[in-house]
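A quick write-up on the structure given underneath.
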Protein chains: 2
Amino acid sequence: MAATIHDVARHAGVSSRTVTNVLNDYKWVSDETRRRVRRSIDELEFVPNPVARNLRLGRTGLLALAVPNLMASYFAELSEALVDAATLRGFGVVIELTKADPAEELRLLATRARSRLFDGLIFSPLGLGPRELHEVKCMLPVVMLGERVHGDFDHVGVDNVQAAADAVEHLIAMGRRRIAVIGRDNGTGIYRTEGYRRALEHAGIVYDESLVAPTSNYFLDDGSAAMAHLLDQGVMPDAVFCCNDTLAIGALRTLFEHGLHVPNDVAVVGFDDVDDGRYAIPSLTTIAPDKAGLAAMAVDRLVRRMDGDTSPAADLVIPHRLVVRESTAGLAAERATPRAHQRRPRPAASTTRQATSGVASKRPSRSGARRDGTGTS
Amino acid sequence: MAATIHDVARHAGVSSRTVTNVLNDYKWVSDETRRRVRRSIDELEFVPNPVARNLRLGRTGLLALAVPNLMASYFAELSEALVDAATLRGFGVVIELTKADPAEELRLLATRARSRLFDGLIFSPLGLGPRELHEVKCMLPVVMLGERVHGDFDHVGVDNVQAAADAVEHLIAMGRRRIAVIGRDNGTGIYRTEGYRRALEHAGIVYDESLVAPTSNYFLDDGSAAMAHLLDQGVMPDAVFCCNDTLAIGALRTLFEHGLHVPNDVAVVGFDDVDDGRYAIPSLTTIAPDKAGLAAMAVDRLVRRMDGDTSPAADLVIPHRLVVRESTAGLAAERATPRAHQRRPRPAASTTRQATSGVASKRPSRSGARRDGTGTS
DNA sequence: GTGAAAGCGCTAACAG
DNA sequence: CTGTTAGCGCTTTCAC
């Protein structure tokens, strides 16, 4: 029913070879012929079958993107950035959700049935041990996102340890001492918690196990539950470092329900600079990785591998910066930094690791009475 | 390099026909042969090339999902639901972002180059006029999501008008009279605003243009800006109906910044029941569509069309329900309905259109002084 | 039960 | 500059 290249050839009175030449913009087709072929293509409403082309070329123009889920804003934003980056380079992106079992999923994708369907795979594991990865031998180029991983994979991501340390250092600079952490029980969380530990150590604060809240996952309710756990244990931190923004927003909710004021009673800092954080109440201090840069790098890396680059696996570090908002600096700071509230699209992320706004390093006075959270005036 | 079916055949001492038979679980292959072929497959680490199979079969096992973006939580959650539903039925999902120009994107996907790459297309337009759609003649099955659309497309979605009316009726039942609306300037928003209008009319409240806030889009900052616009105009509503949760969460932020208490000063209700809404401060009253049901229906519909169903385009309506939370009922109501805070996964959505919790229909007293937003005790 | 062979629609040597 | 032709790797009709 649909026209083929041969139909076009016959219709135009040329051979199929000439039609491909026209389609693929080869040189050395006479203008006259080209015109005739073009007309036939239009007239027959011919559209080349990409599947046949794929078979012939051995490439599909499709990348697989494996993420745990799309509910957590970070993965939604990351996916969007990656689809953008891929589209720019002419690739389609197939989303695979690794929910249940990332390790199994990777094995499936990298070694099994679907593999030939994709030209490359971008894998963003959340909590994947090095061991699971080691035994995977891939049939296609793979780029790993998230935590650095020991294996023969290209990797692109922020310096989790350093970034987390930056975040916690900020809390310390604000005068906090009893700093809890939420989100350790997880691949990425381990690195970020390590950064937390280093920042404490550097400031001469002892690492206190009781300030580490257990978390099963990285959703809003996990953050909420972890915070509740801390509070129920009678642990009363004066700050919380959350291994991602989603956990942090969940924690904010629990603090709110407990009648605790953020940041006066407890300061909160997240990680990822998800859009929601800017609109959270209070708005969330966080670590902002350059997501667009990350996406571009990942796709570029993949393309390079597809083109035959066989250099050893690279570990690409993308810049991050600390963004200070109300959840650590209070309303005053937010008011002083209207950028925290700017309209999208945001300007390209800076490459510094320092706070964007010069907030006073002195800790806000903590009145015994709770301040009005609605921030009248 | 990679083994083909012929390599396996030779290795097993059979013909390629027999190998396919084994692969596709045909009957009438002797156990002995089957075993031998299986062993060869394992030994050669053969994995069938899906692209070749696609070409032969004329199907790719891929669905295209076109959504405006993934930043707005609704689309992220919708996409996740659709990927789940598709995966269950053996389909992969390619995400296409329609950002800039949905009409053009649809034309591209449905009629041009990529079409043969997908077995079906799920299109979730945000603000797409009927006109743009009419001239699109599709080369593949399409299911439309979101607003009902005049065209020859299958459609699945909630009854936007009725659902919006339910939401606004709830506000009226809570004693609100000056109800603003955010999000009209948009395909879906038009229907929802129509529901808003009907609910007002039904209650004998006049529709006041000055309570309609202009919005350019459906992101957090659009909600925030629209709310600010209302307030700056000196319009002081006692409630706001937002055409989606994302707008509502943005609006909450602006109200917070203006020192207004929700719901005491202004009640807010959203639409979509996005995960974030449950953790917003205050938690957000909203309309909950059955997203999983919607996703399943959309994919089923597509599969049916692929199987040759040529019945006239269907308009499938999925159930919705009103979920009452703090943003209209105050803290007390939330405390009384712990479900609003339950852990994921949520139970299947009910099919009723009524509020899940029986909140008092009496309006909470509005003290002159602002209440403490942090909700001590 | 299994083999031989045609062909899905396209691209790219190889001739001319 | 253009025509002929051999596949890409798989499924399937048709024979045996």
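What you see is a predicted model; the values in this text were computed from it and never measured. Order of the sequence lines fixes the chain letters, A, B, ..., with proteins taken first and strands second; residue numbering starts at 1 for each chain.
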Among the nucleotides [options], which one has an atom lying closest to any side-chain atom of [X]?
X: Val29(A); options: dT2(D), dG9(D), dC10(C); value: dT2(D)
X: Ser30(A); options: dA4(C), dT2(D), dC10(C); value: dT2(D)
X: His6(A); options: dC10(D), dA12(C), dC10(C); value: dC10(C)
X: Thr18(A); options: dT12(D), dA12(C), dT2(D); value: dT2(D)

Could you give the [atom1]-to-[atom2] distance, from [X] to [N], as a whole number of Å?
X: Asp31(B); N: dT2(C); atom1: CG; atom2: C1'; result: 15 Å
X: Asn21(A); N: dC10(C); atom1: CG; atom2: P; result: 14 Å
X: Leu55(A); N: dC8(D); atom1: CG; atom2: P; result: 9 Å
X: Leu23(A); N: dC10(C); atom1: CG; atom2: P; result: 8 Å
X: Asn49(A); N: dG7(C); atom1: CG; atom2: P; result: 18 Å
X: Tyr26(B); N: dC10(D); atom1: OH; atom2: C1'; result: 12 Å
X: Phe46(B); N: dG9(D); atom1: CZ; atom2: C1'; result: 8 Å

For [X], which contact category applies under a 4.0 Å heavy-atom criterion: base, sugar-phosphate, or nothing?
X: Arg17(B); result: base
X: Asn54(A); result: nothing
X: Val51(A); result: nothing
X: Thr4(A); result: sugar-phosphate

So does [Y] get a backbone contact from the side chain of [X], meaning a donor-acceptor N/O pair under 3.5 Å?
X: Arg305(A); Y: Ser311(A); answer: yes
X: Asn217(B); Y: Phe219(B); answer: no
X: Asn24(A); Y: Tyr26(A); answer: no
X: Asn54(A); Y: Pro50(A); answer: yes

> Does Arg34(B) or Ile5(A) map to a spot on DNA chain C nearer the 5' end, using the closest nucleotide for each?
Replying inline: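 Going by which nucleotide is closer to the 5' end, it is Arg34(B).
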
> Below 4.0 angstrom, N of the basic side chain to O of the carboxylate: do Arg89(B) and Asp300(B) qualify?
Replying inline: yes

